[in-house]
Amino acid sequence: MGEAKRQVKRLDGPVRQVRRPESFKSGGPADIPVNPAIPPVVDQEAGGGVVLPAQTSRPKSKFRAAFTKKRLLAATSLSVVCVFAFVGVKAVLATKRVIQKSSERAAPALSGPVDPTKLKGEGDGRINILLLGTGGSGHDGGNLSDTIMVASIDPKAKTIAMLSIPRDMYVRIPGYGYSKINAANAYGGPDLAKQVVSKILDLPIHYYVQADFSGFKQAVDAVGGVDINNKEKLYDSAYPCDNDRGFCPFSLPVGQYHMDGKLALKFARCRHGLCGNDFGRAARQQQLLVALRQKALEASTLTNPVKIGGLIDSVGSHAKTDLQLKELEKLAVIVKDLDTSKTQQKVLDMTPAGLLVDGSSQFPGAGSIEIPRAGAFNYSEIQALAHTIFVDGYLKQEAAAIEIQNGTTKVGMAAAVTKQLQAYSYNVVATLSAPTNDHQASTIIDYSGGKKPYTLQYLEKRFGIKAGKAVKPTTLSAGETQIPDIVVIIGANYKLPIPTTP
């Protein structure tokens, strides 16, 4: 743009109001009943017992979701971690309302120097936060988390990656059968939602931040608005009016905008017409999250008591988290230094290249649902994507040269293990057959002299065995292009952990 002054577009003019059909009026508060119309499913994880699939609160109309204020954002979430380190007494008072009991799975990166023996698996070296958007009190189905996003921070590389999960993804919820994923929070709160998401992504979820509709609006206004580049024309003829009576069509041309809370909310909530349904909405939510973090950390915000006070008030009244105060302080310092130019943003969707498909025909009576493209409850492709963007910084830093050998008579075992490990960002340099094929148990040989502790810990946990140490060879074996740091020999007892059943 050079020195030219940026043009800011604003929306003015009357808004057409259309009477809302009776069929779209929401009912009273809804529990989430089990739907007897859905056939029971054999639950392998529960020992083969029969579990009735569950369904979210109400029969789903095609456009019903557009008329309730429970379609909310989690975009306030990083404002929680951005402000606590820079404020005094008022922040401490706010934490009494915001901070819940300590997480059972705290991020090692926020506890001091990371001990590799304490890491529970790939991704545990990051800081993984589940962001939940709910309707809150006063809204029908107010505990359904209709915004579900994982924000994962790499404290080594100072980068962040985000992955949005659609609210209609059909999953197993422990103790409650099968349902749309947005019901997990309604059934068992954020802790249960963390458990479900962790299972889907094969990623430790350390913390949650739950925010509501009002908190998002107030947070945006408290920092003086956010700057958004709208790259595609938006138009939603079914956007609900503020009073929930009829439609107030929303339109936003392409361009650069300085958005207040009201406009930002419309930008993120619109989902019909040209707004790209739930998947387009999820991408815009991520865009707003980045913009809100940037504005909250600007010097003009951090040095303005009025803006800081507004942020704390909005957070204190409309958000909660299991991040503790000391963790928030450490995280705020990390968030402040993030390189947003390297931010990765992904959405699970049903595009031709997406990893989800329509599952309505496979589960009649479950309503409009999405299931993995790889098959119902098969999360292998989703887990590979998650670990592609949520790369463990300690694993990447070590870059241990790993060789996989097939020590069995099963053709393709080494290649299958290699593909899986590469998806988790392991540096596999060779895939070979072992000298003999009679290995009953898998073996890990450490040639690094203990110089690759994080990689060894992750591999030991993945294969369930302890590594043996050996002197590093000085010459190449057949098929090798470099001498490995670690060799994994696959034994007959090893089974690839790719779920194909619930």
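Just so we're clear, the structure is a prediction, and the values are computed from it rather than from any experiment.
Between K472 and D485 a salt bridge is recorded (basic side-chain N to carboxylate O distance below 4.0 Å).
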**Message:** Applying side chain to side chain donor-acceptor pair (under 3.5 Å) to D146 and N182, what does each step give before you reach the verdict?
**Reply:** CA-CA 6 Å; D146 287 329; N182 69 343; 2.6 Å; yes

**Message:** Let's go through E480 and Q482 carefully: what are the C-alpha distance in whole Å and the side-chain angles of both, what is the deciding distance for side chain to side chain donor-acceptor pair (under 3.5 Å) to 0.1 Å, and is it a yes or a no?
**Reply:** CA-CA 6 Å; E480 291 181 340; Q482 71 179 92; over 6 Å; no

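Distance check: Y207 OH to L110 CG gives 4.5 Å after rounding to the nearest 0.5 Å. Rounding to the nearest 0.5 Å places OG1 of T408 at 10.5 Å from CG of D438.
Side-chain contact check for L459 versus I402: some heavy-atom pair is nearer than 4.5 Å. Looking at heavy atoms from C-beta onward, D339 lies in side-chain contact with K342 at the 4.5 angstrom threshold. Side-chain contact between I181 and V197 is present, with at least one heavy-atom pair separated by less than 4.5 Å. Within the 4.5 Å cutoff, the side chain of I160 has no heavy atoms near those of the D154 side chain. Here the side chains of P108 and L119 are in contact, with some heavy-atom distance below 4.5 Å. Considering only heavy atoms from C-beta on, L289 stays 4.5 Å or farther from L292 through its side chain. Between V150 and L131, the closest side-chain pair of non-hydrogen atoms is not below 4.5 Å. You'll find the side chain of T321 stays beyond 4.5 Å of the side chain of Q210, heavy atoms only.
At a cut-off of 3.5 Å, with distance as the only test, a side-chain donor of S164 or Q286 sits close to an acceptor on the other residue. Defined by atom type and a distance below 3.5 Å, a donor-acceptor pair is present between the side-chain atoms of Y458 and D392. For Q405 and E403, the side-chain atoms include at least one donor-acceptor pair closer than 3.5 Å.
Applying the ring-ring contact (aromatic ring centres under 6.0 Å, His included) test to Y394 and every residue at least two apart in sequence or in another chain returns Y454. The side chain to side chain donor-acceptor pair (under 3.5 Å) search around D115 returns T117, not counting sequence neighbours. Residues satisfying the salt bridge (charged side-chain N to carboxylate O under 4.0 Å, His left out) criterion with K466, sequence neighbours excluded, are E460. Remark: N437 pairs with T409 by the side-chain contact (heavy atoms from CB on, under 4.5 Å) rule, at least two apart or across chains. Considering only residues two or more places apart in sequence or on other chains, K194 meets the side chain to side chain donor-acceptor pair (under 3.5 Å) condition with S103, D322.
Of the possible polar contacts, one joining the N406 side chain to the K410 backbone as a donor-acceptor pair under 3.5 Å is found. Looking only at distances, a side-chain donor or acceptor of Q287 sits under 3.5 Å from a matching main-chain atom of N229. Between the K158 side chain and the P155 main chain, a donor and an acceptor come within less than 3.5 Å of each other.
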Please report, to 0.1 Å, the donor-acceptor pairs under 3.5 Å made by any side chain of residues 344-351, with sequence neighbours excluded.
unit_1	atom_1	unit_2	atom_2	d
D349	OD1	T351	N	3.3
D349	OD1	T351	OG1	2.8
T351	OG1	G354	N	3.1

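Enclosure of atom NZ in K461 by more than 12 non-hydrogen atoms of other residues, nucleotides or ligands within 6.0 angstrom is indicated.
A side-chain hydrogen bond (donor to acceptor under 3.5 Å, both in side chains) with Y426 holds for exactly one of H387, K396, E122; it is E122.
A cation-pi arrangement, defined by a distance under 6.0 Å to the six-membered ring centre and an angle within 45 degrees of its axis, is present between R462 and Y424.
Between F377 and F363, the angle of the ring planes goes over 60°, which puts this pair in the perpendicular group of the 30/60° scheme.
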